Each structure stands twice: as structure tokens, then as C-alpha cells.
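Please read the structure below before turning to the comments.
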There are 2 protein chains.
Amino acid sequence: MQTDKVNIAIVDDHTLFRQGLAHLLTESNEINVLFDADNGADMIKKLPAYPLPDVILMDITMPVMNGYETTKWLKANHPGVNVLALSMFEEDTPIIGMLKSGAGGYMLKQSKAADLVNAIKGIASQSFYINELVSGKLLRNIQNNQPLKNAPIGLNPNELKFLELCCSDLTYKQIADMMNLSPHTIDNYREALFQKFEVKSRTGLVISALKNELIKI
Amino acid sequence: MQTDKVNIAIVDDHTLFRQGLAHLLTESNEINVLFDADNGADMIKKLPAYPLPDVILMDITMPVMNGYETTKWLKANHPGVNVLALSMFEEDTPIIGMLKSGAGGYMLKQSKAADLVNAIKGIASQSFYINELVSGKLLRNIQNNQPLKNAPIGLNPNELKFLELCCSDLTYKQIADMMNLSPHTIDNYREALFQKFEVKSRTGLVISALKNELIKI
DNA sequence: TTAAAAAAAGCTGATTTCACCCTATGCAGA
DNA sequence: TCTGCATAGGGTGAAATCAGCTTTTTTTAA
């Protein structure tokens, strides 16, 4: 019946995906899509105009305000709203990162629609939804009992800026100039990021950053 | 009326996107989605089971068989079927590349649904659909009258394999070992690809390959 | 079968990147 | 006040990467 429907919102920067998903979910008759938004900032702007959603489907990499920040904002300002992360990648970092930011579940865009509907219903009723993908990561996290990337998203604004400039044909020297910093300082950033991402080359860094949905190309 | 509907198929490896889009387009009442497929090989398998589509919406980067190959196969085996490329990027290379492969149009996944419906109807009736994105590229192609990347997709299997291995933490030496080639030969590939992509570093190469939808991470 | 083209392998040197070493400053908490 | 920590800056040397050119082998086409 109408009143039992789960009210959701969708935040993703690809219009066709977002609107397509809205139609797909609406057809399930168990979900009501209140609104959709292009990115976190857009969502914050639209939020007051609608009833508070039960669940928000959240993309991670988006322009202006990404999924990590937006989820943290939601938990600070509307702790009752549940967040279900939607991503293309199944790396440790974005999964743990989104959960730590406050998401109650993590689904791949390669999922089947029925599984997504289940996840939305689960998260609406229990505030979390642990699928195999997530439980596997959590289990390994415990079994290895080393903290296993539980704080890998801690990038300061300068490091993030550097990371973005890394994804280009620019040399480190050129990046240093663009950021008005000494090449040595840039080298510190490089060093720090190599350790955080456990990579040995700039290329590895770029690939990791993309898979961890920290940057967008 | 029913019989005027445009029959289409959707080929894309992200299930939620593909199915969402199918629902979205079905609602327009002008489009009938016959079937969808995970990649080119899957499409070829499913094609005989349905009436021949008027238009096929084609993603570019897909596992097993990508959009370029699949479009070429369609033009060779079912020249009457129109292909509309769907991509996240607006680089020259994939646009020109898909058009050369035989696509009749090119749309971004950031497009609005109404624009996509227009493109589908246009391509169904005229076999092509030239939006601003495509016409701009074509115009520049003529104005600069240098061939402007009209043959940038010409990678042999070894180069493609090398390109994929480049998107990692591996050193060139390790790549040479994995491909059972001398590091010097690898250096030749690197040199050739740097020229084709007009880049000066391995990082630039990786970013270009991703934007040109030649590889998938 | 011979010439041309392409692929593979090689060399050298300049530049960039990588890995470790260090110091100084400012700020928060014990 | 002292300590720890994060940020910023600096230096050195080894390794990897980049750029350009040459040679050999294989394939293709005339």
C-alpha cells in the first residue's frame, strides 16, 4: 500500500543513470522516488522542499561535493536519513570509506535491480544493509586484524589538489609551480600519498585514486 | 500508436544503468526496448531471438567486446541497424572513432532523457543524428583540415595489451617480462603510443586511454 | 624473389621520478 | 611547559622513465 512505500532520493551526476534508476525503482511499487540531485550541494539545496527521505542513494565521485562529504553532512544534519552508497568499484577504500562516513550499505552499479530494491528496503527498516561485498571486506578487516585501510581517505585539501593535478601530463615541477609550492613539498605529498595508497609509482597512484573514487576524470 | 514505436536494444555493462534506461525510454511511449545486453558478444548472441532493432544504444568501454568492435560487426552483418553511441566522455577520439566505426550519432550519459529520445527518433528516421557535440568535432576537423585524430584508434593487439598493463603499478621492465618481450620493444610501444596520443608521460597516456575509452579499470 | 615495411631489439644520455635523509614552524593536548 | 603531530621546506643519490637513433629479423607485397 502507498503508505508503506520507502521514500528515497537519488544523488548522482549522470542524468540518464539517475533518471533511469528513478523510473526503474518507481516500477517496483515498493519505492517512491521523492527527488534526485546532480551532486551533494544540489541535494542540500533540494532537501527542504520535500519530506525527509528514508534512504538516499549516493554516488561517490561527483563534481562540486562528493559522496563522502555529502554523507558526512547528512549524518551531521539529518542523522535519521539512511545512505546507501552506489559505486562502480569494489575496492576496499571506498567501501570502508563510505561506511565510515556514515553510509549503511554499499552496492555496485553492476547489481541487479531486484538486489538494489532489497538493499533499499533492508536499509530503510534496519538502518543498514550488509551484503556479501561489505561483509567480506569487514570480515577480512577483522581477520587480518591490522587496521587494513580504515583511514585511507584522510587527504587534506592540498593533497587532494595535488592528486588531481597528478592525473595529467604535468611533471611534478609543473605541479609545484601551479600550486605555488616548492618541488620538495610536492615530493612530501607524493611520498605521503604513495604510502597511503600503497603504490610505488605515479601511475599506480592515479589508478588507485580513480578506483577509490577520490578523483574524477 | 504502437506500430510507430522505434524498436531499440541497449548494450552496456552496468546493469542498473541499462535497465534504468530501458524503463525510462519505455515510458516515453515512442520507444520500445526489445532487449538489452551486457556487452557486444552478449548482444550478438541475443540478436537472433528478437526482431531486428531500428537503433542500438551502444556503450563504448565494455568487457569482452567493446563498442568499437561491436559497431563494426553490426555494420558488416546488419548494415540496416543504426547505432547511437553513449559515452561519459566528450573527447575527440571516441567520438570520431565511433562515427568511423559506423555509429550514426554520439550522446553523453550526462544528457537529458528528452534529448536522448530525440536522438533515437532522429537516428531511426534519418540513419544519423548530428547534435552540437558531434557537429562541433566534425567542423573543427574540417577547419583545422589536418586529419585531427581521425585514425587514433589504430592499436594492434600488442599495443592494446601494453596499454592495459600500463595502467598499473608495474614498471616497464615488469611489463616486458609479462609480455615476453625485450624492454627495448616495450620502449618502442611506449614511444609509438606517446605519439599517437600526443602525450609526454606514462600518466598522460593512461588518462588519455581512459578518456578515449580504450581501456577499462 | 626481391624490395619495402613493420616489428623487435639495441644503445646512449638527459630528465624525471623515487626513496631516504634532514630541519623548522605552529598548534593542540598532557 | 613540554610533547607530539601536522605542515612546509630542503638535499642527495639511485632507479626509472623519456627521447632519439641504429640494427636485425620477420612479414608483406610487388
Side-chain angles (χ1 to χ4, degrees), chain A residues 68-69 72 93 97 100 147 149-210 212 214-215 217, chain B residues 147 150-212 214-215 217:
Chain A
Y68 300 114
E69 301 170 65
K72 281 180 194 155
T93 316
K100 281 180 74 89
K149 328 222 157 72
N150 61 2
I153 320 278
L155 300 190
N156 63 42
N158 262 347
E159 284 176 334
L160 197 58
K161 172 83 174 162
F162 167 69
L163 195 53
E164 278 165 16
L165 293 173
C166 263
C167 299
S168 71
D169 227 17
L170 300 166
T171 65
Y172 287 134
K173 201 172 293 181
Q174 288 173 312
I175 293 175
D177 286 345
M178 293 181 72
M179 292 181 69
N180 287 114
L181 289 172
S182 142
H184 296 292
T185 306
I186 289 298
D187 209 39
N188 286 337
Y189 289 143
R190 183 192 58 69
E191 190 72 26
L193 291 183
F194 275 29
Q195 283 196 5
K196 287 189 189 177
F197 285 93
E198 294 173 23
V199 295
K200 294 187 301 301
S201 69
R202 176 166 164 183
T203 312
L205 181 62
V206 168
I207 298 293
S208 288
L210 286 170
N212 291 332
L214 284 166
I215 50 170
I217 59 166
Chain B
N150 60 2
I153 322 277
L155 301 189
N156 63 42
N158 262 347
E159 284 176 333
L160 197 57
K161 173 81 174 165
F162 167 70
L163 195 53
E164 278 165 15
L165 292 174
C166 263
C167 300
S168 70
D169 226 17
L170 298 166
T171 65
Y172 287 134
K173 203 172 292 180
Q174 289 173 312
I175 293 175
D177 285 345
M178 292 181 74
M179 292 181 69
N180 286 115
L181 289 171
S182 144
H184 299 292
T185 306
I186 290 300
D187 212 37
N188 286 337
Y189 289 144
R190 182 192 58 71
E191 189 71 26
L193 292 184
F194 274 29
Q195 283 197 5
K196 286 189 190 180
F197 285 93
E198 295 173 22
V199 295
K200 296 185 303 298
S201 69
R202 177 166 163 183
T203 311
L205 182 63
V206 168
I207 299 293
S208 288
L210 286 170
K211 285 194 179 173
N212 292 331
L214 284 165
I215 50 170
I217 59 168

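Everything numeric in this text was worked out from a predicted model, so none of it was measured. In what follows, chains are A, B, ... by sequence order, proteins preceding strands, each numbered from 1.
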task: Compare every heavy atom of B:Arg202 with every heavy atom of B:Cys166, then report the nearest pair and how far apart it is.
output: O-NH2, 2.8 Å
message: Is there a side-chain contact between A:Leu210 and B:Leu210 in this structure, where contact means two heavy atoms from C-beta onward sitting under 4.5 Å apart?
response: yes
query: Is any side-chain N or O of A:Asn158 closer than 4.0 Å to OP1 or OP2 of D:dA6?
result: no
query: Over how many whole Å does the gap from A:Leu205 atom CG to D:dA16 atom P extend?
result: 18 Å
Minimum-distance pair of heavy atoms, taken over all atoms of B:Phe194 and B:Leu205: CE1-CD2, 4.0 Å
message: Under a 3.5 Å distance rule, please check whether B:Gln174 uses its side chain to pair with a backbone N or O of B:Thr171 as donor and acceptor.
response: yes
message: Side-chain N or O of A:Tyr189 versus OP1/OP2 of D:dT7: is the shortest distance under 4.0 Å?
response: no
query: Which whole-number value in Å describes the distance from A:Phe162 CZ to D:dG9 C1'?
result: 15 Å
statement: Ordered by number, residues from residues 172-185 of chain A within less than 4.0 Å of DNA chain C (heavy atoms) are A:Tyr172, A:Lys173
Considering all heavy atoms, the nearest A:Cys167-A:Val206 contact: SG-CG1, 3.7 Å
message: Run the side-chain contact (heavy atoms from CB on, under 4.5 Å) test against A:Lys161 and tell me which residues pass, sequence neighbours left out.
response: A:Leu165, A:Met179
field: Side chains of B:Phe162 and B:Arg190 in contact at under 4.5 Å (non-hydrogen atoms)
entry: yes
Between C:dT17 (C1') and B:Asp169 (CG): distance, integer Å: 13 Å
field: Heavy-atom side-chain contact between A:Leu181 and A:Tyr189 under 4.5 Å
entry: yes
message: I need the CD1-P distance between A:Ile186 and C:dT16, as an integer number of Å.
response: 15 Å
For nucleotides 19-21 of chain C, list the nitrogen or oxygen atoms of the protein found under 3.5 Å from its nitrogen or oxygen atoms, one pair per line.
unit_1, atom_1, unit_2, atom_2, d
C:dA19, N7, A:Arg190, NH2, 3.2
C:dA19, N6, A:Asp187, OD2, 3.3

task: Please state how far atom CD in B:Gln195 lies from atom C1' in D:dG20, giving the value in whole angstrom units.
output: 11 Å
